[in-house]
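I have placed the structure first, in the form of structure tokens, so that the comments after it can refer back to it.
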Amino acid sequence: MLELNEIEQSRKNRIAEIRAQGIDPFGRRFDGALPVISVLERWEALTGQTVRVRGRVMAIRGHGKACFLVLADMSGRIQLYVRSDDLQEPGYEWFRQYIDSGDIIGVEGSLFVTRTGERTIAVSKVWLLSKAVRTLPEKFHGLTDVELRYRRRYVDLMVNTDVRDTFVMRSTIVSNIRTYLTARGYLEVETPMLQPIAGGATARPFVTHHNALDEDLYLRIAPELYLKRLLVGGFERVFEINRSFRNEGIDTVHNPEFTMMELYEAYSDLDGMISLTEDLILKLANEVTRSPVVQFGDQTIHFAGPFARTTFDHALRQYAGLSLEDLRDPMVARRAIEQFGIHMDKSFEYANVVNEVFDKMVEPNFVDPTFVHDYPVEISPLAKRMPDQPHLVQRFELFVGGMEVANAFTELNDPIDQEERFAEQAAAKASGDDESQSMDLDYVRALQYGMPPAGGLGIGIDRLVMLLLGQESIRDVILFPVLKRREQQD
RNA sequence: GGGCCGUUAGCUCAGGUGGUAGAGCAUCUGCCUUUUAAGCAGAGGGUCACAGGUCCGAGUCCUGUACGGCUCACCA
């Protein structure tokens with residue numbers, strides 16, 4: 001049972017009074033209302049007519065036998081003027097007695113402009129649509145406590161319009177990505193979230209148990225291997241925008257569940273993925289958010305084409321002073337790890353060393369969008385080798401604001417090579433590297449049936465939204481970020 | 001997991017060196033029929049995150065715990 005304070009208890013009592021009068025304090029449907037924004041936009045045309053709006057009472061300013069309210073709906077806010085002379089139903093006394101800020105009401109009235117020039121609805125009828133027991137946060141400072149904002153996002157959204165704008169914009173971005181891909185012939189599909197083998201990425205999965213099957217299942221860490229099975233099946237362009245789950249740390253760029261867009265295009269390759277990625281992101285920055293220059297903390301990001309390009313080896317030489325070849329020497333590798341202050345608790349495998357050095361020394365340098373391509377095969381078990389340099393693969397990652405936001409490759413469609421790569425991963429896993437990928441024999445079997453040459457791309461939607469909107473924490477672009485449960489649920 | 005910081009009324013915040021809790025908004029009462037962070041007068045509202053400890057006395061000092069933020073580590 002939630003505890004109520006004095007104010008909340010008295011409101012609860014008034015709800016009982018309202019009910020005793022035969023009025024439902026939690027209302028019913030309300031028809032004929034216009035969104036606030038369209039009342040404001042069609043002001044001249046609507047002046048002289050009776051209009052209806054509905055929404056939440058955000059403020060009441062009493063003025064003797066009249067009062068001003070601020071009414072908010074999803075589209076905006078408008079001022080209401082309730083005058084005892086003009087209010088037909090209910091009576092003004094009832095209205096003042098039983099309507100509080102925070103309540104959801106419907107009103108009918110006519111438009112006028114106050115002396116101070118504010119467009120206002122003079123209200124003649126009011127319907128109580130839902131009574132609030134709890135009070136709104138302070139009207140000036142709003143809700144600023146970060147923990148409360150995340151735990152009670154519904155309150156955050158009510159009072160912090162910039163927060164709401166962020167999530168509206170996120171929705172717009174996602175919907176534009178969907179439209180963009182659909183228009184280009186990509187089929188949106190849904191693949192398993194519950195997987196017997198969590199593949200397609202290197203990460204620790206969440207484990208769950210299916211009772212009827214009496215089998216453990218994993219929440220997916222990536223949809224990749226299933227989407228590529230669809231290429232085998234004959235779907236030539238597919239994409240999925242959905243959640244993946246990784247059982248790892250939480251910080252400003254990691255939430256345990258996050259949204260990925262992955263797409264696969266048969267008969268394309270890495271170059272196709274580069275132009276697609278660049279075109280898509282530039283369109284979003286220029287046409288959707290309309291902010292190609294974004295302030296991201298103390299970094300200024302310029303979304304302008306063409307994005308910078310460099311190779312993995314070149315970037316490594318530039319920022320770490322070492323080449324991929326240099327790091328093959330265990331002595332050099334150890335010295336580098338020490339010199340760069342990298343804490344290795346994984347094995348000194350080449351793949352791990354390369355990853356660590358790149359993450360620590362190279363990645364943070366890429367503020368403006370930068371494609372890094374030509375990755376070492378050891379850290380890319382699902383990408384196709386470069387024909388002339390078999391120790392490298394046709395893969396890029398896109399870095400923006402020091403974060404990885406996209407990862408793409410020419411897909412490995414050679415089942416023999418794929419099986420060997422899985423075997424190497426499985427060996428690393430057996431020797432203690434619990435983040436290596438698992439052998440997925442059915443995926444190998446799928447490749448044995450023949451998968452067309454293809455390009456594949458994954459974009460971290462949360463991070464992309466962060467960058468496009470200048471939000472520094474992933475929690476500020478996820479409506480309900482994962483938080484630790486509190487003992488008392490208030 | 002480590003370090004630093006935070007947690008006081010529904011919300012936003014004050015509370016030097018320890019002396020028993022304050023403001024604004026919100027709420028309630030009265031006044032006020034074009035205000036807008038409306039205004040004026042008054043009132044109520046607190047397990048100072050939780051548990052120990054030191055002390056005659058703890059919101060304040062100490063220890064631990066919980067939750068959160070930043071950061072490092074882990075990790076894409």
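The structure displayed is predicted, hence computed values, not measured ones. Order of the sequence lines fixes the chain letters, A, B, ..., with proteins taken first and strands second; residue numbering starts at 1 for each chain.
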With a 3.5 Å cut-off and just heavy-atom distances, do the side chain of [X] and the base of [N] make a donor-acceptor pair?
| X | N | answer |
| --- | --- | --- |
| A:Thr114 | B:U35 | yes |
| A:His63 | B:C32 | no |
| A:Thr116 | B:U36 | yes |
| A:Glu6 | B:U27 | no |
| A:Arg61 | B:U35 | yes |

I'd like the [atom1] distance from [M] over to [N], given in whole Å.
| N | M | atom1 | answer |
| --- | --- | --- | --- |
| B:U20 | B:G59 | C1' | 10 Å |
| B:U12 | B:U7 | C1' | 14 Å |
| B:U63 | B:U54 | C1' | 11 Å |
| B:A37 | B:C13 | C1' | 16 Å |
| B:C32 | B:G42 | C1' | 16 Å |
| B:A21 | B:A9 | P | 15 Å |
| B:G24 | B:G39 | C1' | 15 Å |
| B:U60 | B:U36 | P | 42 Å |

Roughly, in whole Å, what's the span from [atom1] in [X] to [atom2] in [N]?
| X | N | atom1 | atom2 | result |
| --- | --- | --- | --- | --- |
| A:Phe112 | B:U33 | CZ | P | 15 Å |
| A:Leu69 | B:U33 | CG | P | 17 Å |
| A:Ile60 | B:U33 | CD1 | P | 17 Å |
| A:Asp100 | B:G10 | CG | C1' | 13 Å |
| A:Leu148 | B:A49 | CG | P | 14 Å |
| A:Ile7 | B:C11 | CD1 | P | 10 Å |
| A:Lys12 | B:G10 | NZ | C1' | 16 Å |
| A:Phe68 | B:G39 | CZ | C1' | 13 Å |

Looking only at side-chain N and O atoms, does [Y] offer a donor or acceptor that is under 3.5 Å from a partner on [X]?
| X | Y | result |
| --- | --- | --- |
| A:Asp73 | A:Ser75 | yes |
| A:Glu240 | A:Thr191 | yes |
| A:Glu17 | A:Tyr98 | yes |
| A:Gln295 | A:Thr300 | yes |
| A:Glu262 | A:Tyr264 | yes |
| A:Trp94 | A:Gln21 | yes |

Proximal nucleotide (of [options]) relative to the [X] side chain:
| X | options | answer |
| --- | --- | --- |
| A:Gln79 | B:C11, B:U36, B:U34 | B:U36 |
| A:Glu138 | B:G24, B:C70, B:U36 | B:G24 |
| A:Val146 | B:U12, B:C32, B:G69 | B:G69 |
| A:Thr252 | B:A37, B:G68, B:C70 | B:C70 |
| A:Tyr81 | B:U35, B:U33, B:U27 | B:U33 |

So [X], base contact, sugar-phosphate only, or nothing? Heavy-atom distance under 4.0 Å.
| X | value |
| --- | --- |
| A:Tyr150 | sugar-phosphate |
| A:Asp86 | nothing |
| A:Arg14 | sugar-phosphate |
| A:Glu363 | base |
| A:Arg77 | nothing |
| A:Gly460 | nothing |
| A:Asp251 | base |
| A:Ser10 | nothing |
| A:Lys484 | sugar-phosphate |
| A:Leu483 | sugar-phosphate |

### Message
Judged by each residue's nearest nucleotide on RNA chain B, which is more toward the 5′ side, A:Phe399 or A:Ser84?
### Response
A:Ser84
#### Entry: Distance flag, aromatic centroids of A:Phe358 and A:Phe312, threshold under 6.0 Å
yes
### Query
Any salt bridge between A:Asp269 and A:Lys384, counting N to O under 4.0 Å?
no
#### Entry: Test: A:Arg54 cationic atom under 6.0 Å from A:Trp127 six-membered ring centre, within 45° of axis
no
### Task
For the pair A:Phe396 and A:Phe371, name the ring-plane relationship: parallel under 30°, tilted 30 to 60°, perpendicular over 60°.
perpendicular
### Task
Check the pair A:Phe480, A:Tyr150 against ring pair (Phe, Tyr, Trp, His ring centres under 6.0 Å), reporting the backbone distance first and the verdict last.
CA-CA 6 Å; A:Phe480 300 100; A:Tyr150 296 150; over 10 Å; no
### Message
Side-chain N or O of A:Arg475 versus OP1/OP2 of B:C70: is the shortest distance under 4.0 Å?
### Response
yes
### Dot-bracket pairing map - RNA chain B, Watson-Crick plus G-U, both contacts under 3.5 Å, | cross-strand
(((((((..((((.....[..)))).(((((.......))))).....(((((..]....))))))))))))....
